[in-house]
Amino acid sequence: MGKIVDNLDDVAKLLSKKSEQKIILKKRNQSQRILRNKRNKREHNEDRKIMLIPVLIIVLILLIKFLEALGLGVPLTPKNKIIASASEMQSPSDLEEEKRMIP
């Protein structure tokens, strides 16, 4: 040590200073460790939230495909479209005649 010790009081002071520094250092390290753990947990939770969105999208797509396979879904484009030309359509007068014939 760089200090000259003359009596026991000086020794006690030096020892108490050293123990105070150790306590302060220990508390600082402990608080840094706690803050680091909190930050790691927060980052882990953020990663989990980010991954939740693509997983939900995939699950919804699979659910839609499953429901379509069961026949519960309505296709967007009907396969059996009936296209009527103008000549095949009945005029309003023809409809009135049919109603009169069916009593």
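Given the structure is predicted, the values throughout are model-derived calculations rather than measurements.
Expressed to the nearest 0.5 Å, how far CG of Asp47 lies from NZ of Lys49 amounts to 11.0 Å. Taken from NZ in Lys27 to CD1 in Ile24, the straight-line distance is 8.5 Å, to the nearest 0.5 Å. Atom CD1 of Ile23 sits about 14.5 Å away from atom CZ of Arg28, to the nearest 0.5 Å. To the nearest 0.5 Å, the span separating CD on Gln32 from CD1 on Ile34 amounts to 11.0 Å. Separating the CG atom in Leu67 from the CG atom in Leu62 is a distance of 11.0 Å, to the nearest 0.5 Å.
When side chains are defined from C-beta on, Arg42 counts as touching Glu46, because their heavy atoms get closer than 4.5 Å.
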Stepwise, does the side-chain contact (heavy atoms from CB on, under 4.5 Å) test hold for Lys41 with Lys38? CA-CA 5 Å; Lys41 285 180 184 179; Lys38 285 182 180 181; 5.8 Å; no

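Cluster annotation: Val59 is not connected to Met51 through the hydrophobic network of ILVMFWY side chains, with a link wherever side-chain heavy atoms come within less than 4.5 Å.
Under the rule for a side-chain hydrogen bond (donor to acceptor under 3.5 Å, both in side chains), the partners of Arg48 that lie at least two apart in sequence or sit in another chain are His44.
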